[in-house]
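To start, the structure under review is shown below, and the notes come after it.
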Protein chains: 2
Amino acid sequence: MVNPEKSHDWKAYEKPAVTVDMVIFAIQNNELKVLLVKRAVEPAKGSWNLPGGFVRIEESLEEAAKRVLHDKTGVENIYLEQLYTFGDPKRDSRGRVITVSYFALVNFDDVSLKSSADVSAVEFFPVKKVPPLAFDHLQILTYALKRLKWKFEYTPVAFSLLNKKFTLSELQNLYEIVFDKVFDKRNFVKKILSLDILKTEEVKKDVSHRPPMLYSLKKQIPEIIEII
Amino acid sequence: MVNPEKSHDWKAYEKPAVTVDMVIFAIQNNELKVLLVKRAVEPAKGSWNLPGGFVRIEESLEEAAKRVLHDKTGVENIYLEQLYTFGDPKRDSRGRVITVSYFALVNFDDVSLKSSADVSAVEFFPVKKVPPLAFDHLQILTYALKRLKWKFEYTPVAFSLLNKKFTLSELQNLYEIVFDKVFDKRNFVKKILSLDILKTEEVKKDVSHRPPMLYSLKKQIPEIIEII
DNA sequence: TGAATAGTGTCTTTCAGACAATATGCC
DNA sequence: GGCATATTGTCTGAAAGACACTATTCA
């Protein structure tokens, strides 16, 4: 076998294909959901998997991730973060495919799902009820869920899933969905407000009960901050 | 341009090269050091960079990382973790090269540095005094340092850098090197022992002062645990 | 005035952090 | 006894967590 480093002839060396796979989370009906696509082509035709695509030769990994995200959901400018790179030589039956996984948080109301030639369905599934996934995509999803919880605990990503102005109940509700447990309202509010990252807006209108205060994020927020 | 997903002819599509780059940390002379190699070949001939190599078509990413690590340092079975994947199209002047970075913690005493045809020098540098690095390797190193500190704070990785039996002073010394600050001895010991992850071994022999107690890690240790 | 949700305060316990004196072994 | 390093405890302040009642709007 040729050693590419020694021969300096690295271009002649066989290269793996590189893809991005997206774990796209959203909240709907008080549930945490993840976007899946049904494959219309081989391999694993007919099975569900994470949306993804090949990285083009002239685009960066993040550009590829944004392209896939936009193609499937129509959303832009959302929270996007690289997760992990999976490169087992046998993970794809077509040959050597290395995938760089990303996770994204989208506001469900902003999404308009779009299909394409290679998929027969695009759908959000509750993370507790995902169908069997092709390739190693369950492993990727599991990894993303772990990262999601960590991010909620230590960074202000949760606000990416809310509208610009939100109530403290909406925020608490979001944390309760992600961590799948209830928090004490008094302690939750005390903690959040003590972080000094929120400012009050106006009072919410058109609710059939005591109207809550609307809050928004302050301009300068630390990237790492213990939330819960 | 051909769309590989639609054409199903993805093998004809131009593929990027994939490398692994290693950030290998060790402690020597009470300093945190990182392993660098001096390039003997173009591009960037004569400049320092992180050790790395192309991922072979039949090996996993982690196998590639272990191979590079072993080739340069001779060590095996050490702490190894994937860091991040860098894929800017212009990061390497030779063409499209995506690199999966790894970080490793090695015990300096176990290392025997080895050169190879493509490098003219292999050397540990104090992280505070690294020479200019080729490509985006400074960015990778910066990222690795951030991860290293996080790992020290929240996981028991520090013990990978110590002998199996160690004194609490050695452990504290390690933390002081990594965080570049001093900790109060009483508070440090109180905190570490309260974690209930250490067990006492025998008293250390052959020291010319009061002999310290040796400790070792218990068998079952949580992966995430707030240390400091 | 009842239904629905918003908003708020106290107590206890735990933990981080500041701080220095005594113990042990070797020479 | 002197040197070098090991070992140990108390106090204070901050924050987490348990816990329940009052306020506001609308129908």
Side-chain angles (χ1 to χ4, degrees), chain A residues 27 29-30 149-150 152-156 158 162-163 165-216 222 224-228, chain B residues 29-30 149-150 152-155 158 162-163 165-216 222 224-228:
Chain A
I27 303 286
N29 293 338
N30 274 354
K149 288 183 184 177
W150 189 88
F152 263 68
E153 199 162 350
Y154 295 108
T155 80
L162 296 172
N163 295 319
K165 297 178 183 179
F166 51 86
T167 69
L168 294 181
S169 291
E170 286 165 352
L171 182 63
Q172 180 171 348
N173 191 243
L174 185 51
Y175 270 88
E176 292 182 341
I177 291 168
V178 169
F179 287 101
D180 197 20
K181 70 176 192 183
V182 296
F183 294 96
D184 181 87
K185 209 195 312 186
R186 290 157 295 188
N187 292 338
F188 186 86
V189 169
K190 196 195 332 178
K191 185 68 205 293
I192 296 292
L193 293 181
S194 75
L195 297 176
D196 195 34
I197 59 175
L198 300 186
K199 60 177 191 285
T200 57
E201 299 283 340
E202 73 278 7
V203 168
K204 193 170 181 178
K205 300 281 186 194
D206 301 320
V207 288
S208 70
H209 51 76
R210 175 172 176 176
M213 179 67 75
L214 288 168
Y215 289 83
S216 66
I224 303 281
I225 178 172
E226 200 166 316
I227 309 245
I228 293 294
Chain B
N29 293 336
N30 274 354
K149 287 183 184 176
W150 189 87
F152 263 68
E153 200 161 350
Y154 295 109
T155 79
L162 296 172
N163 296 320
K165 295 178 184 178
F166 51 86
T167 69
L168 294 180
S169 290
E170 286 165 353
L171 181 63
Q172 179 170 350
N173 191 244
L174 186 51
Y175 271 90
E176 292 182 341
I177 291 167
V178 169
F179 289 99
D180 197 20
K181 70 176 192 184
V182 296
F183 294 95
D184 180 88
K185 211 191 313 184
R186 288 158 295 188
N187 293 337
F188 185 86
V189 169
K190 195 192 338 177
K191 185 69 204 297
I192 296 291
L193 293 182
S194 76
L195 298 176
D196 195 33
I197 59 174
L198 300 186
K199 60 177 191 285
T200 56
E201 300 282 340
E202 73 278 7
V203 168
K204 193 170 181 178
K205 299 283 186 193
D206 302 319
V207 287
S208 70
H209 52 76
R210 175 172 176 176
M213 179 67 74
L214 288 167
Y215 289 83
S216 66
I224 304 282
I225 180 171
E226 200 166 316
I227 309 246
I228 292 296

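Values below: every heavy atom of this structure, side chains too, minus hydrogens, waters and symmetry copies. Keep in mind that this is a model prediction, so the values were computed, not measured.
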Q.
Less than 4.0 angstrom between a side-chain N/O of A/S208 and OP1 or OP2 of C/dT5, yes or no?
A. no

Q. Below 6.0 angstrom between ring centroids: does that apply to A/F152 and A/Y175?
A. yes

Q: Inspect the contact between A/E170 and A/K204 and indicate whether a charged nitrogen and a carboxylate oxygen are less than 4.0 angstrom apart.
A: yes

Q.
Measure CD/A/E153 against P/D/dA16 and give the value in whole Å, please.
A. 12 Å

Q | A/N163 side chain to A/F166 backbone, donor-acceptor under 3.5 Å | A | no

Q.
Any base atoms under 4.0 Å from B/T167, or only sugar-phosphate, or nothing? Heavy atoms, all strands.
A. nothing

Q: Measure the distance from NZ on A/K205 to C1' on D/dT24 and round it to the nearest whole Å.
A: 13 Å

Q) Does a side-chain heavy-atom distance below 4.5 Å link B/Y215 with B/L193? A) yes

Please list, for nucleotides 11-16 of chain C, all pairs of protein and nucleotide N/O atoms separated by less than 3.5 Å.
from: C/dA16; atom 1: OP1; to: B/K191; atom 2: NZ; distance (Å): 3.3

(Q) At 4.0 Å (heavy atoms only), tell me whether B/V189 reaches a base, stays on the sugar-phosphate, or touches nothing. (A) nothing

Q | Contact nearer the 5' end of DNA chain D, comparing B/Y215 with A/I228 | A | B/Y215

Q: With the side chain of A/K185 defined as its heavy atoms from C-beta on, choose the nearest nucleotide among D/dC19, C/dC19, C/dA6.
A: C/dA6

Q. Once you round it to whole Å, what is the distance between P of D/dA18 and CZ of A/F188?
A. 15 Å

Q: Specify the closest pair of heavy atoms between B/T155 and B/W150, including all atoms of both residues, with the distance to one decimal.
A: CG2-CZ3, 4.0 Å

Q | Under the side-chain hydrogen bond (donor to acceptor under 3.5 Å, both in side chains) test, residues paired with B/E176 that sit two or more places apart | A | B/Q172

Q | Nucleotide D/dG9, atom C1' - distance to CG of B/L193 in whole Å | A | 14 Å

Q) What nucleotide among D/dC19, D/dA6, C/dG7 has an atom nearest to a side-chain atom of A/R210? A) C/dG7

Q: Check the distance between C/dA6's C1' and A/L214's CG and give it to me in whole angstrom.
A: 12 Å

Q) Any idea which of D/dA18, C/dA6, D/dA6 is nearest the A/N187 side chain? A) D/dA18

Q) Looking at the side chain of A/R186, which of D/dA20, C/dA6, D/dA6 is the nearest nucleotide? A) D/dA20

Q: Round to the nearest Å and state the distance from A/Q172 atom CD to C/dA6 atom C1'.
A: 12 Å

Q. Which whole-number value in Å describes the distance from A/H209 NE2 to D/dA27 C1'?
A. 13 Å

Q: Answer yes or no: are there more than 12 heavy-atom neighbours, outside B/K181 itself, under 6.0 Å from its atom NZ?
A: no

Q. Over how many whole Å does the gap from B/F183 atom CZ to C/dC19 atom C1' extend?
A. 17 Å

